[in-house]
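Read the structure below first, then the notes.
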Amino acid sequence: MRMSQLFLPTERQPPADAEALSHKLMVRAGLVRQLGSGLWTWLPAGWRTHQRVVQLIREEIDAIGGQEMLMPVLQPAELWKRSGRYQAIGDELFRLHDRRDADMVLAMTHEEAVTFHAAQSVRSYRDLPMILYHFQIKERDEPRPRAGVLRTREFIMKDSYTFDRDAEGLAASYQLHREAYARIYDRAGLEWFECRSDVGMMGGTMAHEYMAPCAAGEDDVVLGAGGYSANLEIATADAQPVAPLSDEIAGELHTPGQTTIEAVAGGLGVPAGNLLKAFPVIAEERGLVLAFVRGDHRIGDIKLTNALGQTWRPANESELPGPAGFLGPKDGVDMVFDEAIAPGRYVVGANAPDHHAVFAYEGGETLDIRLVEPGDSIGGAPVRIEPAIEIGNIFQLGTRYSVPLGLTFSDEHGKEHPVFMGSYGIGPARIAAAAVEQYGDERGIAWPKSIAPFDVEVVALGKPGTPEQEAAAGLYRQLQAAGFSTLLDDRASGTGEKFADAELLGAPLRLTVGKRSLESGIAEAQLRRGQVDQEGGVPLATAAEAVQALWPTIP
RNA sequence: CGGAACGUGGCGCAGCCUGGUAGCGCACCUGCUUUGGGAGCAGGGGGUCGCGGGUUCAAAUCCCGCCGUUCCGACCA
């Protein structure tokens, strides 16, 4: 591609409202443009990267036996009513009506559709196992789109679905995807890790998510010794111990107006860990439950849900067993205690205004309900908590969709069973953005070579028609013929602008042809990652061979 | 959903408080010069000042309403 012909609107300055590095760089480099909140257009160069990521994913899913297809985005709401998600999902699901006033939805994922088709056709155990997938637009009315293409309302996702006769088969299909996903992220050149995760709205029994650490990450991930990695939402670690409460503090404590942990701990001159924090909730079945964590810890909402085994909401003022800010253990109240609370004496609310008391904790119903904190440890080694973006997720759905949508098969004895399903998603846009985040620098993007919009950028110095531009064009033709996707900067622009744009766009290898090259017969070569000059450059006469030799050394 | 901002040529901004000729940098067009790190000189084009209403002789500017966008938090595959 000749840059003089390419629709590549680069900008010197990032959009004023951009925060994330990938947002700034992808806009500046002319890869994407915004159409509305959470709605992004992929311009030609950006789309090349997107397509390369798609192709890489396609190859790996095909390799585990996936069959590519395509399902509609616009769907009858009926299917979603049958699965229960029409009612269960809130405003995030786009709902609309067709001209006959039938309820329709814009699909945010495709479990319902694929299960519908499988239910139509799968009859026998002989039809299983099966892997179906597609690349299709997803529509989600996000409450808060942000950071360029990192969180959008419309995006393309590769979603695959596996169909097996039992949990064992599902586990095998799940494992196939884990291996394929590892290959995909490795080939995309990302730093990544796999985490156990919550199943969320997808339902089902087991889930992993794939995270790419970067500054713009929306999730926090806990990394520990022995390869432990889990989303902070569900992570577990050993708490830092806290010194026992001083014996001098005992009995009723007058704590006027001290309704926060900080105020009480500060007033008594003790660490927050000597207090217990009471969190009153109304659980779906249990009703009022007082959940306690150490004063220096925080309740994890998802951990509490999972530990209780039921949904809950914070209690209203009128439902509290005592005055707000002074809640503590109380006879007759349903109580649970976090596992990190060691037996011992703690300052707790006295269930009376302006008073706290000392409580001797000796045990009770203990659950793991607190969030991991900096300073916690796993296997004796301190954990790291890092921001990361989610670049994929996989779910063991079990029979969550097959039962309501009637997807069954007959076994060897003619007996009907529900099919065990799995669902597996990857967002190519996030892989691209994660790569920008992880490898971008102050000058621009430094693509991994597997997903760069162009393999090589040839910078032709001088004006169009000069001998150096002619030489650069010859180099360009050689590289194209050798199979390298090459961008030739054949514009009339000044030298600095050409170099700056090359660094912004981020092709892994840059070759420069100027007047010097005419005398030496050498094009200067520089790797974008780290801006490393290649000793000796690339001979104009044998450029294809030289680049081929260099290529395997490029990240 | 809570909090905070912003909306003026393609991008980044000033002008608004104190009403009166829409302005700057970059980009764009023409010419000449320049060409190894975002060039110089000269000339030129492009803006319903988000939308609607109100006040006023006069509104980018003041008032009211609406729309849009972003950031922080909540939420979130």
Side-chain angles (χ1 to χ4, degrees), chain A residues 7 9-20 23-24 27-28 30 33-39 85 89-93 107-111 138-148 150-159 195 197-204 207-211 216-219 231 233 301-302 314 389-395 397 423-427 429-430 443-444 459-469 472 489 491-504 510-520 523-524 526 531 533:
Chain A
F7 181 47
T10 60
E11 296 290 345
R12 258 174 115 141
Q13 289 166 306
D17 49 25
E19 285 293 320
H23 183 184
K24 292 178 182 171
V27 172
R28 284 191 54 211
R33 282 294 132 96
Q34 184 172 18
L35 190 65
S37 178
L39 301 172
R85 291 165 107 191
I89 295 175
D91 292 338
E92 203 173 337
L93 179 65
M108 49 202 297
T109 174
H110 282 76
E111 278 79 9
K138 304 290 179 266
E139 303 280 356
R140 300 182 185 181
D141 197 357
E142 288 287 342
R144 192 175 160 221
R146 62 176 289 273
L150 274 182
R151 177 164 293 276
T152 55
R153 296 198 292 174
E154 173 176 292
F155 61 98
I156 291 172
M157 180 159 91
K158 184 289 295 174
D159 38 327
C195 289
S197 71
D198 188 65
V199 294
M201 74 161 187
M202 304 297 294
H208 285 86
E209 60 195 5
Y210 293 84
M211 310 296 294
E218 305 185 286
D219 289 286
N231 195 307
E233 291 174 342
D301 292 354
I302 290 172
I389 62 176
E390 185 180 351
I391 49 172
N393 50 45
I394 59 180
F395 298 89
L397 298 173
S423 118
Y424 315 83
I426 286 187
R430 282 197 175 177
R443 291 172 179 267
V459 174
L461 298 180
K463 275 189 290 197
T466 56
E468 56 267 37
Q469 283 234 353
D489 190 347
R491 299 174 299 173
S493 323
T495 309
E497 190 175 351
K498 288 177 182 173
F499 284 146
D501 276 346
E503 281 149 6
L504 185 56
R510 183 182 87 194
L511 301 179
T512 304
V513 179
K515 282 179 184 161
R516 291 177 199 165
S517 310
L518 298 176
E519 294 161 20
S520 64
E524 286 148 53
Q526 188 186 75
Q531 297 192 267
D533 286 318

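Sequence lines set the chain letters: A, B, ... in the order given, protein chains first and strands last, and positions in each chain run from 1. Atom set for the values below is all heavy atoms of this structure, side chains included, hydrogens, waters and symmetry mates excluded.
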Item to check | Side-chain-base donor-acceptor pair under 3.5 Å for A:Glu503 and B:rG37 | outcome: yes

Checklist entry - Between the base of B:rG38 and the side chain of A:Arg28, is there a donor-acceptor distance below 3.5 Å? => result yes

Item to check | Residues A:Glu218 and A:Arg146 bridged, charged N to O under 4.0 Å | outcome: yes

Item to check | From B:rU70, B:rG12, B:rC72, nucleotide with atom closest to A:Arg146 side chain | outcome: B:rC72

Checklist entry - A:Lys138 has an atom NZ; how far is it from atom P of B:rC76, in whole Å? => result 20 Å

Checklist entry - Nearest of B:rC75, B:rC71, B:rG38 to any side-chain atom of A:Glu19? => result B:rC71

Next on the checklist: Could you tell me how far apart A:Asp533 (CG) and B:rG37 (P) are, to the nearest whole angstrom?
Outcome noted: 14 Å

Checklist entry - With rounding to whole Å, what would you report as the distance between B:rA14 and B:rG31 at their P atoms? => result 36 Å

Checklist entry - Using atom C1' of each nucleotide, how far apart are B:rA22 and B:rC63 to the nearest Å? => result 23 Å

Next on the checklist: Without decimals, in angstroms, what is the distance between A:Gln13 CD and B:rG12 P?
Outcome noted: 8 Å

Checklist entry - Taking the side chain of A:Arg151 as heavy atoms from C-beta outward, which of B:rC76, B:rG37, B:rG10 is closest to it? => result B:rC76

Checklist outcome for this item: By nearest-nucleotide position on RNA chain B, the 5'-leaning member of A:Gly392 and A:Lys463 is A:Lys463

Checklist entry - With rounding to whole Å, what would you report as the distance between B:rC13 and B:rG7 at their C1' atoms? => result 13 Å

Next on the checklist: Please tell me if A:Thr512 has a side-chain N or O lying less than 4.0 Å from either OP1 or OP2 of B:rG36.
Outcome noted: no

Item to check | Atom-pair distance (CZ on A:Arg140; P on B:rC76), nearest Å | outcome: 13 Å

Item to check | Under the side-chain hydrogen bond (donor to acceptor under 3.5 Å, both in side chains) test, residues paired with A:Arg443 that sit two or more places apart | outcome: A:Glu503, A:Gln531

Checklist entry - From B:rC26, B:rC13, B:rG36, pick the nucleotide closest to the side chain of A:Arg12? => result B:rC26

Checklist entry - Tell me: CG of A:Asp17 to C1' of B:rC11, nearest whole Å? => result 12 Å

Checklist entry - Who are the side-chain contact (heavy atoms from CB on, under 4.5 Å) partners of A:Glu142, not counting sequence neighbours? => result A:Glu92, A:Arg140, A:Pro145, A:Arg151, A:Arg153

Next on the checklist: Can you tell whether the side chains of A:Glu19 and A:Lys24 come within less than 4.0 Å, N to carboxylate O?
Outcome noted: no

Item to check | Sugar-phosphate only, base, or nothing, as touched by A:Arg430 at under 4.0 Å among non-hydrogen atoms | outcome: base

Checklist outcome for this item: Quick note, A:Pro15 side chain, CB onward, closest among B:rG12, B:rC76, B:rG38 is B:rG12

Checklist outcome for this item: note: A:Glu92, atom CD; B:rC1, atom C1'; distance rounded to Å ~ 14 Å

Checklist entry - Taking atom P in both B:rU18 and B:rC62, what distance in whole Å separates the two? => result 9 Å

Checklist entry - When the distance from CZ of A:Arg144 to P of B:rG73 is rounded to whole Å, what number comes out? => result 7 Å

